[in-house]
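Each chain gets a letter, A, B and so on, in the order its sequence line appears, and its residues count up from 1.
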Amino acid sequence: MEPIDTSKSHFLFRFKFLIFSLACLGGLLFFARSYSSKSSSQKLLVYAYSSFTASWGPGPALKKIFEEQCHCEIELRDADDSRLLLQRLEMEGTRVNADVAVGFNQWDVDEAVDNLDFRTFESIGEIPLPGGINLKDDKQKKLVVFDWGILAFNTKISRDVAKARNFTAFLEGLPNKSLALQDPRTSAPGLSFLLWLVQVKGEEEAFKYLQALSAKIFTVASGWSSSYGLFQKDQAQAVFSYVTSPLYHQIEEKDLNYLALPFEEGLPLHLEYAGVLSTCSNCERAQQFVRFLLTPEAQKILMQKNYMLPVDMKVAAGTPWDLTKNFKILPPANFTKVDRQRILERWTKWVRER
Amino acid sequence: MGFYLFIFSIAALLVSPYLLLLSQFSISFSLNPEDFFWALKNTLYQAFGSAFASVVLGILGGLGLIWLSRVTKKQTYFWIEKFILLPNMLPSLFVVVSCLGFIDPFPYGKVGIIIIHTIINIGLVSVMFSHICFQKLGSLGSLSLVEGASRWQFFKVGILGYLLPDLFYIGLFIFAIAMVSFNVPLLVGGTSGTTLEVLIYENLVINRNWPESISLSLIQMSIVGLASLLQRPSNLGMDSRDSEHVLELAEWKWGLAIPILTVGMVLLPPLLSFPQGLRQLEFLDFNWEMLISSVLKSLLLGLSTGGLLFLLGLGACWAHELGWWRRFMLFYLPPGAILVGFAFFILGQWVAVPVIFQIVVGLCIVFFAGLYRLSLASPLASLNRQIEVAQVMGASPFKIFRFVLLPPMLRSVVFVAGIGSMWACGDFALSSILSSEDFHLALIVKSLASSYRLDAAQSLMFILYLVSLGCFAFWWRLGDVLGRKLNH
């Protein structure tokens, strides 16, 4: 048997290993370079949540129109959701120089104004919503509501609970283990649900109602998409969602079986804000873009692709989105951060003792 | 000197998320003890139950795979083995939706969490268990057959007796996965849904209390680390890779039904809604160019992550002779994907590291410690005696690595790379924090699912699954080629 020349094979092995490692690293760097080369400081940098920037969301359509109007370029950056948008902008600070932030919800808006520096708008006046609700306040000079929604329990018309028009009837009509909620600690609609209960019933009564509802709850999901997915797949009979959710099924799936319940006690609002950051490098265009979001053309796209309601209600007239008259809307709830914290702690305690 | 520097660099890379976070935030613990202990109790209960059930059912599935390896061609076996890994890489929502359709009424609470975690992990445990049997019980199987041992004797003495430490490490891997599981406890946990991972998320994203999140993550690591001290990896010798496996005594063909039925249960509902999903995509006027680009990027993400894991795996083999390294790898648990994501986000503020590079490195950090316990710790321990002999004879660390460790360990290292690249293709937790666009398939799936289009998301999952399989097959094939070269 021929002896193995270990020094030669040793050298060859090391050489091949080195080549392989360099090839891997080179490939990755090439990929990274081609990926990062998309960024350019000259573009209008718009940060928004995922369903806004997705190819089927309103972002790309709005981008196309605005780019034609301003002869400029927009880069849409996906920041996942309102909370992560806030975290991201705060951490990136002046390094990235984001121009526009789109998609803070009303529960994050105070924190956004406190922790981030926004340019002030002078000429966007108050925004009247149906039901005599006027959204003008100090925050609005920095952040503008560009679309909104109404939250409600959704169900299918064939279910018994579809007849419920108030909290009591809803509780009675709902079978055991059939309601999908979102955890208010991890989800904005979940927080809206909990604070809606407190707003309508007062804190003590709200938790008594929750206790009564306990047996009917099928799951408390971490986010809206999980709970709505379970509802779509008929695992839950009702879910807390938007009054515009049935429109999605009606328009895209031609399914008329979905229904949002118009509670007599009134329904909570969901507001979405946009603003121009002081770190902007294209500030004029950024202001123009935010104003553009409020034009009828942009409002129509937001309404149709985001399945939310336009702040310019004239845009909704004569369309399936013209549904606010069917619902009693509650004015935005005023809960301080301390109130919210206390209510959430109570929720955690309630979950533990359930 | 270079050797120590290299190994130290790997260890530093793995702990870098903690270092990055601790450089910005201190550790503090101000949680209500009642809340903390309640979440800890929920976490430990569901993690232990999930690990135990997955290992028990996974053993049965593994016995079925051993039978299958004898009666089918190598190629068929390869694809069936990868097929049963499917539930392990689907988003948890899809698994939950499918299971709720089959198990009616579904037992919500701790039992529900354990059921879902078990369904997700049975396939992986089956595959791992069968690999270990092939590696370690081949000659024992032949001997037992010749000596006339019964199946039960072989199972009791051979499998449960010799492989107990290996089973412990598989269990520990599932325990660690279940501990950091976020969606499943909330979806089906009912009152048991609040776990340490939920507290971490709540503190990090809602309260933005970083010190508390880091402390909770360190507590999680300590639990897994202390558990790993309970059992040393087995040092049962490994058979050579090409040896003929005579494991007829270990076969149980009906065992294969467990992982196959699990996959069927998970796969059937999305298959039924596939046409509806395609209609949704059509309605969206889905950008097919974007789809092709995202498929390519998913492939690149998977292969790059696999490549780095392959190098880390080789590094871990090279470093195996160092006692501190072995202890470190058994103790260490990376923070969850969300914390790693934010740690790299902080890094991105200091140095211009391309996002894709951050995601690849971040995923390797999240996956590597678990995969080491699952696939490398025990086979490496089996080679300790041979390493000692080589050291006594004066072999350098590199020669020990090249001639003693690499030939038998190559298959395990490519397994680590293959599984890691499959998981990387399906990642959206870390990617959505670091990336500013839906550049790969898993991110598109997530966006579709969060905008009513669940069926469309499920349809794309099939493409994602094929991409993941492609990544695994690439690493497996590379393992074959490298193995042949090493043996010549």
Legend entry - Worked verdict on B:Val96 versus A:Lys233 for side chain to side chain contact (heavy atoms under 4.5 Å, CB included): CA-CA 11 Å; B:Val96 170; A:Lys233 293 290 171 186; over 6 Å; no
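- Both the backbone and the side chain of B:Tyr452 come within contact range of chain A, each with at least one heavy atom under 4.5 Å from a heavy atom of that chain.
- Neither the backbone nor the side chain of A:Glu345 comes within contact range of chain B; no heavy atoms are under 4.5 Å apart.
- With a 4.5 Å cut-off on non-hydrogen atoms, B:Ile338 does not touch chain A at all.
- Side-chain atoms of A:Arg185 never come within 3.5 Å of backbone atoms of B:Val198 as a donor-acceptor pair (strictly under, hydrogens ignored).
- How far CD1 of B:Ile444 is from OG of A:Ser50: 11.5 Å, rounded to the nearest 0.5 Å.
- For chain B, the nearby parts of A:Ala221 are the backbone and the side chain; heavy atoms of each come within less than 4.5 Å.
- With a threshold of 4.5 angstrom between heavy atoms, A:Leu191 does not approach chain B through any atom at all.
- B:Trp38 has its side chain within reach of A:Val351: a pair of non-hydrogen atoms, C-beta onward, lies under 4.5 Å apart.
- If you take OG on A:Ser225 and CG on B:Leu454, they are separated by 8.5 Å, rounding to the nearest 0.5 Å.
- Checked against side chain to side chain contact (heavy atoms under 4.5 Å, CB included), A:Thr244 has the following partners two or more places apart in sequence or in another chain: A:Tyr242, A:Leu247, A:Leu309, A:Trp321.
- Contacts of A:Thr53 with chain B are absent, with no heavy-atom separation under 4.5 Å from either backbone or side chain.
- Rounded to the nearest 0.5 angstrom, A:Leu84 CG and B:Phe345 CZ are separated by 9.0 Å.
- Contact of B:Gln458 with chain A is made through the side chain alone, with heavy-atom distances under 4.5 Å.
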Inset, instruction - Could you give me the CA-CA distance, side-chain angles and deciding distance for A:Tyr248 and B:Ser451, then say whether side chain to side chain contact (heavy atoms under 4.5 Å, CB included) is met? - result: CA-CA 9 Å; A:Tyr248 163 77; B:Ser451 55; over 6 Å; no
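- Separating the OG atom in B:Ser432 from the CG atom in A:Asp81 is a distance of 8.5 Å, to the nearest 0.5 Å.
- A salt bridge is defined here as a Lys NZ or Arg NE, NH1 or NH2 lying under 4.0 Å from an Asp or Glu carboxylate O, and A:Asp78 with B:Lys446 fails to meet this definition.
- Ion pairing between A:Lys349 and B:Glu34 fails under the 4.0 Å rule for side-chain N and carboxylate O.
- Separation of atoms OG (B:Ser436) and CZ (A:Arg88) is listed at 5.5 Å; rounding is to 0.5 Å.
- Annotation: maximal heavy-atom pairing with chain B below 4.5 Å, among A:Ser226, A:Ser214, A:Ala54, occurs at A:Ser226.
- If you measure heavy-atom distances from A:Glu252 to chain B, the contacts under 4.5 Å come from both the backbone and the side chain.
- Neither the backbone nor the side chain of A:Tyr49 comes within less than 4.5 Å of any heavy atom in chain B.
- Both the backbone and the side chain of B:Arg453 have a heavy atom closer than 4.5 Å to some heavy atom of chain A.
- Chosen from B:Pro269, B:Ser447, B:Ala39, the residue pairing most often with chain A at heavy-atom distances under 4.5 Å is B:Ser447.
- For A:Ser245, the parts sitting under 4.5 Å from any heavy atom of chain B are the backbone and the side chain alike.
- When heavy atoms are compared at a cutoff of 4.5 Å, A:Leu85 does not approach chain B at all.
- Neither the backbone nor the side chain of A:Asn176 comes within contact range of chain B, judged by heavy atoms closer than 4.5 Å.
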